[in-house]
Participant: 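Just passing along the structure, written as structure tokens.
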Amino acid sequence: MLSQVNGISSGLVGKFTSRDKPFYRRLWFWTSLSLGGGFIAFNQVLGSIDRTLPDKSELNAVIREQTLTIKASDGTILQQTGEATREQLTLQQIPDKLKKAFIASEDRRFNQHNGVDPQGIIRAFWNNLRSQDVVEGGSTITQQLARILFLKQERTIWRKLKEVRLSQKMERELSKDQILERYLNLVYLGSGAYGVADAAWVYFSKPVGQLTLPEMATIAGLAPAPSLYSPEQNPEAAKQRRNLVLQRMQEDGIITAAEKQAAFQQPITLKTSSPKRLQVESPYFTSYIQKELPKYVSPDVLAGGGLIVETTLNPTWQKAAEEAVAKVLRNQGRWENFKQAALVAIDPRTGSIAAMVGGSDFSKNQFNRVTQAQRQPGSTFKGFVYATAIASGKNPYDTYLDQPFVVDGYEPKNYSENFHGSMTMLEALTRSINIVAVKVLIDVGFEPTIKLAQGMGIKSPLKPTYSLALGSNEVNLLELTSAYGGFATQGLHTEPHGIRRIVNRQGQVIWSDHLQPKRVLDADSAAIMTWMLRNVVTDGTGGAAQLDDRPVAGKTGTSDEARDLWFIGYIPQLVAGVWLGNDDNRPTWGSSSSAAYTWHEFMEKAVKGMPVEKFPEKPKLEDRKGSIKAQPIKPKRVVNRSVSSDDDDEKSADQNSSNSDDNRSSRTSRRRYQQEDNPSSDPPRRRRRYRSQESTSSESSSEPSRPSRTRRQYRRADSDSPPPTRRVRQTSSPKSSNSTSSSSSSSSPPQQPSWRERLRPSSSSSQ
């Protein structure tokens, strides 16, 4: 009985123990907990990976990070920096056998997997184990593309997990053709070649369409290890790798056994070239573009790279500009003593820079004389002085006296030392008369003139001095040329720029040039100025710039001692500026005619095929109301000196000779480089004028004169240039002049006063 009780008790205890065992001690609990926890952890890992991956929009990237591509207006590449391919090919432009060679070599199940190929991984592991070497990779083409575009090259498990996840994401968003096209344009193939187009050029100096089957297999074999299989560095290893690719192509039915065997027999014959991406076209312009980029994109976007910059450069016009600059330096620079030249052309309606040459040789000196050189503009600045006068209501036929003149101790002079008496503003601008320009400035004022010049595009500081009228304040060629564009557009100004669009890696436009023109001068005043500046070209100092088939307007300029030679000219569709000189500021022996002729050489090619557009008609000149209020300067002291009467006949003869020469120059100077205001008939090489370096008063500067030099210099005459130091004989007043004349001819009948004496004012005034 007791044993039965004990047995029952043991059974009950055992039954109770197994039935009432806590759940946390049961196997199913821990199994479920492990599986659930693993699932949650796995999802957490996937989530953390996915959060680090690019979003859907970024998957459309077609170029690597840290790259910059600068293109001309026609899409041609000017410069590339970073890991980039010069030629982005479409899939249709790549030969079919080359595409299949890469698939056979890198990812034989490319069209079957979804970004990751487990079979390929197992196969690669087995083949590498059997060969006791790495002969095959497990990464798919999609994985390689993900690594190229978005991931770094470190060998970590975390990077591999991101690569797998990103590959699957790319397969969902992109087609197989899109993935393959991107890969073939971006894969690094050694020797600086990125993409198949670069590789074809670097190794065989031919486009992809001309590659032979063995050459295609050689290029496809480079992808796993470009340095190991380089035909330049390891020709035998490259040949073995090529033959392996050919074998796989035959196994996959891409080529026949006969084609494979024939390709096996071919040696690898290289014809190497430097990568095209290292070539730089228009380097002065592209360096300017790189400096401008921070104005349009933020530093972090710029640092990230992957940008395509579409510029406004016209390759045809750029070539014409480079040829014109090279020609003037070759033909004129040597005997006119200048070693540098610069040219810029702008569409004045949009502000787009169409051509830019910043110097003679970028490889020797990267200083851009279009944007960086600050030089005295000389008489080209007179355009803004006269424009202010016209806009204030003055008439081009208003007259001023061209005679010896001192205002507050400043004495402007004409280069020719001739004085022409009463002249209209039109005549004075045409012949670039310095004294009249200063008098016009006095009548309209410093502030209105400076304000207009700045509104039209002059960014450099302008000082309110009398020499402002003659170009004493330094400017650069880009701003001066852009400012003259306001005359071509009837008073509208658009900021000059060289960038049309900036596109990011995903093809999204992040900046475009929607710049709006601004009214800076009334249309009538601009039209009158164009009419006056046309006269400079047809009858004045700019004759060398004439074009045969269309009207031209513009202005010459020459600074002190001909250190700077300028011409800024325009037609309705295009404004261009030329500067000639020396970086060390040495004087030249040239004249602004050389700059005008350089402008002509460029424009003659640029306008080919361009429709002829006429300038606006000259507006009515009478009863005009000014759009600018003049603020006349009130000098403290003005002295109008007279020309001695016994020099009148000589001066009159000089004037007639100069007038005759101007008319002749306007017709022939384009071919002969006729010198302005110089009646000499000697050949251009000999038309230099003896000159000593004593207290020279420049047309272009009111600063104290430089220390005199003992060495004499020779220079060619130019009406835009400052005068030589020899002065005409002067008398203190008209009265003393008359008395001197009478005493010297007491026994002869009294002489009639000359025309200059009759024009001489009775009181000291600015006109």
Side-chain angles (χ1 to χ4, degrees), residues 324-325 327-338 340-343 375 377-380 382-383 414-416 429-434 471 477 533-548 552-570 576-582 587-604 657-689 699-700 714-722:
V325 166
K327 182 175 181 179
V328 74
L329 288 172
R330 182 176 62 249
N331 294 346
Q332 302 299 117
R334 182 166 48 190
W335 59 273
E336 290 189 0
N337 194 36
F338 60 82
Q340 288 296 341
L343 187 154
R375 312 288 301 205
S379 292
T380 57
K382 293 175 183 175
N414 300 325
Y415 175 78
S416 65
L429 179 62
T430 301
R431 301 185 61 180
S432 201
I433 303 301
N434 294 337
L477 179 58
L533 291 169
R534 285 182 62 186
N535 212 51
V536 173
V537 176
T538 57
D539 300 310
T541 59
Q546 294 181 58
L547 297 174
D548 294 332
V552 172
K555 185 69 186 76
T556 54
T558 310
S559 68
D560 178 30
E561 297 186 278
R563 298 174 192 274
D564 305 280
L565 312 176
W566 302 84
F567 182 76
I568 315 295
Y570 59 92
V578 176
W579 169 86
L580 311 174
N582 295 303
T588 75
W589 301 329
S591 77
S592 52
S593 286
S594 296
Y597 187 74
T598 306
W599 187 94
H600 163 83
E601 287 291 285
F602 163 70
M603 290 293 291
E604 194 173 44
S657 176
S658 179
N659 285 335
S660 174
D661 181 67
D662 279 340
N663 293 333
R664 183 168 60 256
S665 174
S666 67
R667 299 181 179 89
T668 64
S669 58
R670 272 185 297 171
R671 305 300 179 197
R672 297 170 52 194
Y673 290 92
Q674 187 84 359
Q675 299 302 307
E676 300 101 1
D677 282 346
N678 180 11
S680 171
S681 60
D682 292 337
R685 291 177 184 267
R686 297 179 182 175
R687 277 185 300 180
R688 298 176 184 167
R689 194 158 180 166
E699 75 147 4
S700 60
Y714 292 84
R715 63 167 301 178
R716 302 173 65 192
D718 186 342
S719 65
D720 283 330
S721 303

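Positions are given from 1, in the same order as the sequence printed here.
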Participant: Are W579 and Q340 packed together at the side-chain level, in the sense that at least one heavy-atom pair is separated by less than 4.5 angstrom?
Facilitator: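 Counting from C-beta outward, W579 and Q340 do come under 4.5 Å.
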
Participant: Looking at G471 and P377, what are the two nearest heavy atoms and their distance?
Facilitator: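 Closest approach of G471 to P377: O-CD, 3.2 Å.
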
Participant: With R375, which residues qualify under side chain to side chain donor-acceptor pair (under 3.5 Å), at least two apart?
Facilitator: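 Listed in chain order: D564, N585.
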
Participant: Nearest 0.5 Å, please: how far is CZ in R534 from CD in Q546?
Facilitator: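 Going from CD on Q546 over to CZ on R534, the span is 10.5 Å.
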
Participant: Is there a side-chain contact between L343 and W599 in this structure, where contact means two heavy atoms from C-beta onward sitting under 4.5 Å apart?
Facilitator: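 No. Closest side-chain heavy atoms not under 4.5 Å.
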
Participant: Before you tell me yes or no, could you show the steps for K555 and L429 under side chain to side chain contact (heavy atoms under 4.5 Å, CB included), namely the whole-Å CA-CA distance, both residues' side-chain angles and the distance that decides it to 0.1 Å?
Facilitator: CA-CA 9 Å; K555 185 69 186 76; L429 179 62; 3.9 Å; yes

Participant: Can you name the ring pair (Phe, Tyr, Trp, His ring centres under 6.0 Å) partners of Y570, sequence neighbours left out?
Facilitator: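 Partners of Y570 under the ring pair (Phe, Tyr, Trp, His ring centres under 6.0 Å) test: F615.
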
Participant: For N535, check side-chain contact (heavy atoms from CB on, under 4.5 Å) against everything at least two apart and list the hits.
Facilitator: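 For N535, the residues satisfying side-chain contact (heavy atoms from CB on, under 4.5 Å) (neighbours in sequence not counted) are L426, T430, T538, D539.
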
Participant: Any sub-3.5 Å donor-acceptor pair from T556's side-chain atoms to G542's backbone N or O?
Facilitator: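 No, the answer is negative, given that no donor and acceptor are paired below the 3.5 Å cut-off.
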
Participant: So, T598 side chain and S594 main chain: donor-acceptor pair closer than 3.5 Å or not?
Facilitator: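 Such a contact is found between T598 side chain and S594 backbone.
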
Participant: Which atoms form the tightest heavy-atom contact between S593 and A544, and what is the distance?
Facilitator: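 Heavy-atom minimum between the residues: O-CB, 3.7 Å.
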
Participant: Any non-hydrogen side-chain atom of N414 less than 4.5 Å from a side-chain atom of R431?
Facilitator: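 Contact flag for N414/R431 side chains = no.
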
Participant: For residues L547 and H600, determine if any side-chain heavy atom of one lies less than 4.5 Å from a side-chain heavy atom of the other.
Facilitator: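 Result yes, sub-4.5 Å side-chain heavy-atom pair found.
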
Participant: Answer whether the closest heavy-atom distance between the side chains of T588 and L580 falls below 4.5 Å.
Facilitator: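 Side chain of T588 against side chain of L580, heavy atoms only: no contact under 4.5 Å found.
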
Participant: If every non-hydrogen atom of V537 is compared with every non-hydrogen atom of G554, which pair is closest and at what distance?
Facilitator: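 That closest heavy-atom pairing would be CG2-N, 3.7 Å.
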
Participant: Minimum heavy-atom separation for E561 to P587, with atom names?
Facilitator: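 E561 and P587 have their closest heavy atoms at O-CB, 3.3 Å.
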
Participant: Quick one: are L477 and W566 in side-chain contact, heavy atoms under 4.5 Å?
Facilitator: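 They are in side-chain contact.
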
Participant: Between V578 and I568, is a side chain to side chain contact (heavy atoms under 4.5 Å, CB included) present by the stated rule, with each step listed?
Facilitator: CA-CA 6 Å; V578 176; I568 315 295; over 6 Å; no

Participant: Tell me the closest heavy-atom pair linking N582 and F338, and the distance in Å.
Facilitator: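 Heavy-atom minimum between the residues: OD1-CA, 3.3 Å.
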
Participant: Are the side chains of K327 and E601 in contact, using a 4.5 Å heavy-atom criterion?
Facilitator: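 Side-chain contact under 4.5 Å: yes.
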
Participant: Please evaluate residues S379 and S432 with respect to the criterion side-chain hydrogen bond (donor to acceptor under 3.5 Å, both in side chains), reporting the C-alpha separation (whole Å), side-chain torsions for both, the decisive distance (0.1 Å), and the verdict.
Facilitator: CA-CA 7 Å; S379 292; S432 201; 3.1 Å; yes

Participant: So, do F567 and V536 sit near enough that their side-chain heavy atoms are less than 4.5 Å apart?
Facilitator: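 With C-beta onward as the side chain, the pair stays apart.
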
